[in-house]
Amino acid sequence: MKSISTTNLFGDEFLSAVFANFSDRKLKFRTTESELMEIFHGLLKNRAYRAFAGQYPFDSDGPEPKSKALSDAFASLQQSRLVGRLNPDLVVYHISPALMVRYKKFIEPKLSREKNLILQLARDVERKLSSAQ
């Protein structure tokens, strides 16, 4: 059964909303794109997040789940410097204060019932990401 997104978020807005709702201790985190894919793939299969499942559809045919939409969104946030890469290995990321401003001004107003669900998803993603020291 294919899920369809019921939100008004497009492109990198969904990922921005999740990152903007991270706690202060998680504004710097260590991950790889592969790990990020695995985290979102697992969480978006959860019944609680069904409304968001269509945001980043996954192809599960390869050796690991892959979402071109999620990959493009993550790259977009990095290219716009809303999520900064802090090391040459590109595994430590820092969420820019500008991402929070963008979220508050442009993305949060699009959310209604989904706002609490985004906050819960952000907490679940946080728990799965490694903190950068």
Side-chain angles (χ1 to χ4, degrees):
M1 176 172 93
K2 215 169 203 177
S3 297
I4 304 299
S5 174
T6 60
T7 66
N8 295 324
L9 304 178
F10 297 96
D12 63 18
E13 292 177 337
F14 177 66
L15 192 57
S16 293
V18 172
F19 287 165
N21 281 285
F22 276 9
S23 63
D24 289 344
R25 66 180 178 77
K26 240 351 166 198
L27 293 180
K28 191 183 290 185
F29 57 90
R30 182 180 309 277
T31 195
T32 62
E33 186 172 319
S34 178
E35 180 185 41
L36 197 64
M37 292 283 170
E38 185 178 319
I39 290 169
F40 274 90
H41 181 256
L43 289 172
L44 292 178
K45 288 191 324 187
N46 184 322
R47 181 181 195 95
Y49 302 124
R50 184 173 289 160
F52 303 127
Q55 290 297 133
Y56 300 132
F58 282 86
D59 177 5
S60 300
D61 289 341
E64 57 188 25
K66 182 81 172 158
S67 169
K68 180 170 178 3
L70 176 57
S71 181
D72 289 351
F74 195 47
S76 173
L77 293 178
Q78 292 173 65
Q79 290 169 359
S80 61
R81 296 196 172 138
L82 295 174
V83 173
R85 296 174 284 200
L86 299 178
N87 64 337
D89 294 330
L90 308 179
V91 295
V92 177
Y93 297 90
H94 177 263
I95 297 171
S96 162
L99 185 134
M100 306 306 186
V101 171
R102 177 179 182 233
Y103 170 74
K104 289 285 185 195
K105 188 170 182 179
F106 299 109
I107 300 171
E108 190 175 39
K110 292 182 175 185
L111 300 173
S112 56
R113 301 178 295 194
E114 296 94 4
K115 188 172 177 185
N116 287 333
L117 195 54
I118 287 276
L119 181 59
Q120 182 57 47
L121 179 60
R123 297 295 176 252
D124 287 347
V125 171
E126 272 189 60
R127 280 192 282 279
K128 293 181 178 291
L129 286 172
S130 301
S131 292
Q133 302 302 330

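Just so you know, residue 1 is the first one in the sequence shown, and it goes up from there. Atom set for the values below is all heavy atoms of this structure, side chains included, hydrogens, waters and symmetry mates excluded.
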**Request:** Check step by step if side chain to side chain contact (heavy atoms under 4.5 Å, CB included) holds for Gln78 and Tyr93.
**Result:** CA-CA 9 Å; Gln78 292 173 65; Tyr93 297 90; 3.6 Å; yes
[X] side chain to [Y] main-chain N or O, any donor-acceptor pair under 3.5 Å?
X      : Y      : value
Tyr56  : Gly11  : yes
Gln79  : Ser76  : no
Lys26  : Leu129 : yes
Glu38  : Ser34  : no
Arg123 : Asn21  : yes
Ser96  : Val83  : no

**Request:** Taking all non-hydrogen atoms of both residues into account, name the closest pair between Leu99 and Ser16 and its distance.
**Result:** CD2-O, 3.5 Å
**Request:** Please name the pair of heavy atoms, one in Lys128 and one in Glu35, separated by the smallest distance, quoted to 0.1 Å.
**Result:** O-OE2, 4.0 Å
**Request:** Look at the rings of Phe19 and Phe29 and say which category their plane angle falls in: under 30° parallel, 30 to 60° tilted, over 60° perpendicular.
**Result:** tilted
**Message:** Once you measure the plane-to-plane angle for Phe14 and Phe52, does it fall in the parallel (<30°), tilted (30-60°) or perpendicular (>60°) bin?
**Reply:** tilted
Rounded distance [0.5 Å steps], [atom1] in [X] versus [atom2] in [Y]:
X      : Y     : atom1 : atom2 : answer
Phe22  : Leu27 : CZ    : CG    : 8.5 Å
Glu13  : Leu77 : CD    : CG    : 10.5 Å
Gln55  : Asp12 : CD    : CG    : 11.0 Å
Thr31  : Ile39 : OG1   : CD1   : 5.0 Å
Asp124 : Phe40 : CG    : CZ    : 10.5 Å
Asp59  : His41 : CG    : NE2   : 9.5 Å

**Asked** Hey, quick one: are Leu15 and Leu117 part of the same hydrophobic cluster, counting side-chain heavy atoms closer than 4.5 Å, chains of contacts allowed?
**Response** yes
**Request:** Would you check, one step at a time, whether the test side chain to side chain contact (heavy atoms under 4.5 Å, CB included) holds for Ser71 with Lys66?
**Result:** CA-CA 8 Å; Ser71 181; Lys66 182 81 172 158; 4.0 Å; yes
**Message:** Working note: Met37 + Phe58, criterion side chain to side chain contact (heavy atoms under 4.5 Å, CB included); need CA distance, chi angles, decisive distance, verdict.
**Reply:** CA-CA 9 Å; Met37 292 283 170; Phe58 282 86; 3.9 Å; yes
**Asked** What residues, two or more places apart in sequence or in another chain, satisfy side-chain contact (heavy atoms from CB on, under 4.5 Å) together with Ser112?
**Response** Glu114
**Fill in**
Hits for salt bridge (charged side-chain N to carboxylate O under 4.0 Å, His left out) against Glu108, two or more places apart or cross-chain, chain-then-number order -> Lys104, Lys115
**Message:** Are Leu82 and Tyr103 packed together at the side-chain level, in the sense that at least one heavy-atom pair is separated by less than 4.5 angstrom?
**Reply:** no
**Asked** How about Lys110: does its NZ atom have over 12 heavy atoms from other parts shown lying under 6.0 Å from it?
**Response** yes
**Message:** What I want to check is whether the side chains of Asn116 and Gln120 have a donor and an acceptor closer together than 3.5 Å.
**Reply:** no
